[in-house]
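Numbered from 1 within each chain, the chains take letters A, B, ... in sequence-line order.
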Amino acid sequence: MKIATFNVNSLRARIDNVVAWIERAEPDVLLLQELKCETAAFPREPFEARGYACAVVGQKSWNGVAILSRRGIDGPVLERLPGEPEDEQARYVEATVAGVRVAAIYLPNGNPVGTEKYPYKLRWMARLKAHARDLLARGGPVALGGDWNVIPAAADAADPSAWTEDALFRPQTRRAFREILHLGWTDAFRAVDARPHQFTFWDYQARAWERDDGIRIDHVLLSPAAADRIKGAWVDRWPRGQEKASDHTPLVVELADD
DNA sequence: ATGGCTGTTCTAAACAGA
């Protein structure tokens, strides 16, 4: 089963790119972030026509996440991360696909540090940690995939010195990410690929893509029962080189079928 | 560097992203 995560930076602006990539890569499950559209405006037709069921949590203008699956979607569908009921931002959706519990997450960016945005990011990570512990307690295969907005280590940035005070790389951010890993999760990409500088995001500015000046911030974390089934994990750089590309590119994780 | 791009939007001399 191929599970992919892709921050599309507006699905309506990117629909041709996303459909072209699906036809090329044929993921079984696609976790989308930054839909930038309301749930009712989600373009289901091109996906359903290709056999994908859709679980969508959208929001006007910003955020928005979805799970697309060509192996069906089973409930219960969880449409928000527990722990802060007043949080209205569309950043979490979780459902079951072929016996695997999968979540699409869009973790807050947190910049600029020094505003309310950074504490919100840290609270969101604490909520995710608590929920990740509950998910592990169930014992089954789980994949938490998405735009984590975390650079885990210096090897995950072309120029780590440029990110030292950034919300994506501050020690507090990396510590919160490690706390989740240490519950028993596996960074699927790092489990199979030790090479530095394997990026999933390149800024639109300053010819960052052409200079390979990127960061690795899109991740799939696997529970032990899922990690035992890893067949491969790779970054697919093809979409980032296309016209009208998102600033992110997909990460794909392949799990052995039961 | 109040820089650099790209998207959505109360079409902005704005705001957010990362």
Exercise. Between atom CD in A:E38 and atom C1' in B:dG7, what is the gap in whole Å?
Worked result: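 The distance from CD of A:E38 to C1' of B:dG7 comes to 16 Å, rounded to the nearest Å.
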
Problem set entry | Below 4.0 Å: OP1/OP2 of B:dG7 and any side-chain N or O of A:R14 |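 Yes.
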
Do [X] and [Y] pair up side chain to side chain, a donor and an acceptor below 3.5 Å, judged on atom types alone?
X: A:E94; Y: A:H131; result: yes
X: A:N9; Y: A:Y204; result: yes
X: A:D193; Y: A:W234; result: no
X: A:N7; Y: A:E34; result: yes

For this session: Starting from the 5' end of DNA chain B, give me the residue, A:S10 or A:R207, whose nearest nucleotide shows up first.
Result: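 With A:S10 and A:R207 compared, the 5'-side residue is A:R207.
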
[N] versus [M] - spacing of their [atom1] atoms, nearest Å:
N: B:dA12; M: B:dG17; atom1: P; result: 22 Å
N: B:dA1; M: B:dC15; atom1: P; result: 23 Å
N: B:dT6; M: B:dC10; atom1: P; result: 23 Å
N: B:dT9; M: B:dC5; atom1: P; result: 24 Å
N: B:dG4; M: B:dA18; atom1: C1'; result: 13 Å

Seminar exercise, completed: Per the 3.5 Å Watson-Crick/G-U criterion and a run length of at least three, the stems involving DNA chain B are B:5-8 with B:14-17

Seminar exercise, completed: Per the O4'-C1'-N9-C4 / O4'-C1'-N1-C2 angle with a 90° window around 0, B:dA14 comes out anti

Seminar exercise, completed: Heavy-atom contacts, protein to nucleotides 9-18 of chain B, under 4.0 Å, summarised as B (base), S (sugar-phosphate only) or - (none) per nt, yield SS-----SSB

Problem set entry | Residue from A:R71, A:K2, A:K231 passing salt bridge (charged side-chain N to carboxylate O under 4.0 Å, His left out) with A:D257 |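 Checked A:R71, A:K2, A:K231 against A:D257; only one passes salt bridge (charged side-chain N to carboxylate O under 4.0 Å, His left out): A:R71.
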
[X] NZ/CZ over [Y] ring centroid, <6.0 Å and within 45° of normal:
X: A:R91; Y: A:Y106; result: yes
X: A:R170; Y: A:Y118; result: yes
X: A:R174; Y: A:F169; result: yes

Exercise. Just by distance, do the side chain of A:T173 and the backbone of A:V150 share a donor-acceptor pair under 3.5 Å?
Worked result: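 Not a single qualifying donor-acceptor pair exists.
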
